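Note that this is a predicted model, so its numbers are computed, not measured.
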Amino acid sequence: MKTFPKRLAVMAAVAAGCFAVTAPAADLPKVRVLATGGTIAGAQASATDYGYKSGAYDVNSLLSAVPNLDKLAVITGEQVANIGSQDMNDEIWLKLAKRVNAVLAEPGTDGVLITHGTDTLEETSYFLTLVTKSAKPVVMVGSMRPATAVSADGPGNIYNGVAVVADSRAKGKGTLVVLNDTIHYARNVMKTDTTSVQTFQSLNRGPAGVVHTGKIEWFEPMDKKLGLASEFDVGGLDKLPRVDVIYAHANMSADLIDAAVKNGAQGLVIAGVGDGNMTTPALEAVQKAAKAGVVVVRSTRLAEGLTLRNNEVNDDQMGFVASGELNPAKSRVLLQLALTKTKDPLRIQKMFYEY
Ligand code: ASP
């Protein structure tokens, strides 16, 4: 583990595992931080160097770098993983979700903050919003600049993230994502820019609120099922069904679709052109897959708009599911969970409307 830079951190000589950042104050909320790695825990060779390694610092170092966190909450930290989120997988998702549920079930815990890489944050947050069995706040934060960078954005995001966890109005809103002074519902948020700190956007609906140095303004309520209203449960699961995402393009062939089915995919999400479209050979291949019992979801490779049922493609006739507002990454998450309940495309279509 690297040594955290002195200019950023009050060096806390703390061992890995659970620790208290400040003396417990009876009236402050108790927040558990679950760290998973990412750029927020990333290090460069020097502050101005290009390039860095994700997941270089542990949870203790991250929290030590945030001034005045102890004024917001009593924090304990725990390392669940320490990876670049491009390596996030079903196994860690299940471990993290079970840990979130266990921690929130503790009477002494008021909420959870999760630090995570930004690449797959939109997927992990949607997964958690569907399987968390508590109304207590769960907030995810990441950063676009590594911890060692000039103007690192991680400490500010952690501060605002804890402020949102500590806000009683965050209860029952499912998993929230906080970066760049903006609060997003997990269902709506998407990474839109490879490097900008303004990368996270809720394109179709707009953000859930804003948070500026811990001061919060809520905007939109969420009308989709999540948390306690969700039928999905990771309790009895030790793996998730395989669902592949296939990207559509001009001159798309059936080859990748056939390969996915041959390799055991139980579900396919097509990141379609336009309103979830694909070439005729691809359409024929997914029809064949659907007939063989593979659940096919049509989504779109576009950033905004809905993939509509029975618009250009006759989903009723072909046995497909239309993803509506969900992009391919989020469609994959919902389809994985849906397949733990049913293989019926019409029941799964209803889930895509409801979640
Ligand atoms: N590749 C990094 C990750 O997802 C990017 C980041 O965290 O911003 O872990």
Side-chain angles (χ1 to χ4, degrees), residues 89-91 93-98 100-101 122-134 174-175 185-188 222-246 257-258 260-272 276 278 282-300 306-311 313-355:
N89 57 36
D90 294 355
E91 198 185 325
W93 271 359
L94 290 171
K95 181 181 172 191
L96 180 63
K98 287 175 187 179
V100 168
N101 281 326
E122 66 193 87
E123 288 152 85
T124 304
S125 59
Y126 189 49
F127 182 73
L128 290 177
T129 215
L130 295 175
V131 300
T132 300
K133 301 291 171 203
S134 171
T175 305
Y185 290 110
R187 180 180 183 275
N188 302 341
M222 168 50 70
D223 60 349
K224 298 291 178 182
K225 278 190 187 171
L226 49 81
L228 291 169
S230 164
E231 70 205 85
F232 305 116
D233 192 348
V234 292
L237 298 177
D238 52 18
K239 59 180 174 32
L240 293 168
R242 174 171 166 171
V243 172
D244 291 352
V245 177
I246 299 178
I257 294 164
D258 293 342
V261 173
K262 203 166 138 220
N263 281 288
Q266 295 171 49
L268 290 178
V269 175
I270 305 298
M278 64 205 90
L283 198 60
E284 284 167 3
V286 281
Q287 267 184 275
K288 200 168 92 195
K291 279 213 180 79
V294 175
V295 178
V296 175
V297 174
R298 292 187 308 107
S299 183
T300 176
L306 281 65
T307 303
L308 299 171
R309 187 170 177 86
N310 295 331
N311 191 18
V313 174
N314 191 330
D315 297 296
D316 285 348
Q317 209 174 69
M318 298 182 184
F320 299 157
V321 174
S323 75
E325 282 170 59
L326 297 184
N327 71 12
K330 287 183 202 285
S331 296
R332 178 177 169 274
V333 171
L334 182 55
L335 184 53
Q336 280 188 291
L337 288 169
L339 286 168
T340 66
K341 299 281 177 194
T342 180
K343 294 197 84 174
D344 176 358
L346 286 177
R347 267 189 72 194
I348 294 178
Q349 180 67 69
K350 192 161 171 276
M351 292 170 181
F352 271 75
Y353 291 139
E354 288 176 350
Y355 292 91

Rounded distance (nearest 0.5 Å) linking atom [atom1] of [X] with atom [atom2] of [Y]:
X: Thr340; Y: Glu231; atom1: OG1; atom2: CD; answer: 8.0 Å
X: Asn314; Y: Gln287; atom1: CG; atom2: CD; answer: 9.5 Å
X: Tyr355; Y: Lys224; atom1: OH; atom2: NZ; answer: 11.5 Å
X: Leu130; Y: Lys225; atom1: CG; atom2: NZ; answer: 11.0 Å
X: Asn188; Y: Glu325; atom1: CG; atom2: CD; answer: 6.5 Å
X: Leu308; Y: Thr300; atom1: CG; atom2: OG1; answer: 10.5 Å

Counting C-beta onward and ignoring hydrogens, is there a side-chain heavy-atom pair between [X] and [Y] closer than 4.5 Å?
X: Asp315; Y: Arg298; value: yes
X: Lys288; Y: Ile257; value: no
X: Leu283; Y: Met318; value: yes
X: Asp316; Y: Arg309; value: yes

Least distance between heavy atoms, [X] atom then [Y] atom:
X: Asp238; Y: Leu94; answer: C-CD1, 3.5 Å
X: Asn327; Y: Glu122; answer: ND2-OE2, 2.8 Å
X: Leu268; Y: Val243; answer: N-CG1, 4.4 Å
X: Val333; Y: Glu123; answer: CG2-O, 3.8 Å
X: Ala265; Y: Val294; answer: O-CG2, 3.8 Å
X: Phe232; Y: Lys341; answer: CE2-CG, 3.9 Å

Exercise: do Gln336 and Asp90 side chains pair donor with acceptor under 3.5 Å: yes
Stepwise side-chain contact (heavy atoms from CB on, under 4.5 Å) test for Met278 and Ile246: CA-CA 10 Å; Met278 64 205 90; Ile246 299 178; over 6 Å; no
Check for a donor-acceptor pair, side chain of [X] on one end and backbone N or O of [Y] on the other, with a separation under 3.5 Å.
X: Ser299; Y: Leu326; answer: yes
X: Gln266; Y: Val295; answer: no
X: Asp233; Y: Lys133; answer: no

Crowding at CD, Glu91 (>12 non-hydrogen neighbours, <6.0 Å): no
Worked verdict on Val321 versus Val296 for side-chain contact (heavy atoms from CB on, under 4.5 Å): CA-CA 6 Å; Val321 174; Val296 175; over 6 Å; no
From CA spacing to verdict: side-chain contact (heavy atoms from CB on, under 4.5 Å), Phe127, Thr175: CA-CA 9 Å; Phe127 182 73; Thr175 305; over 6 Å; no
Stepwise side-chain contact (heavy atoms from CB on, under 4.5 Å) test for Ile348 and Leu339: CA-CA 8 Å; Ile348 294 178; Leu339 286 168; 4.3 Å; yes
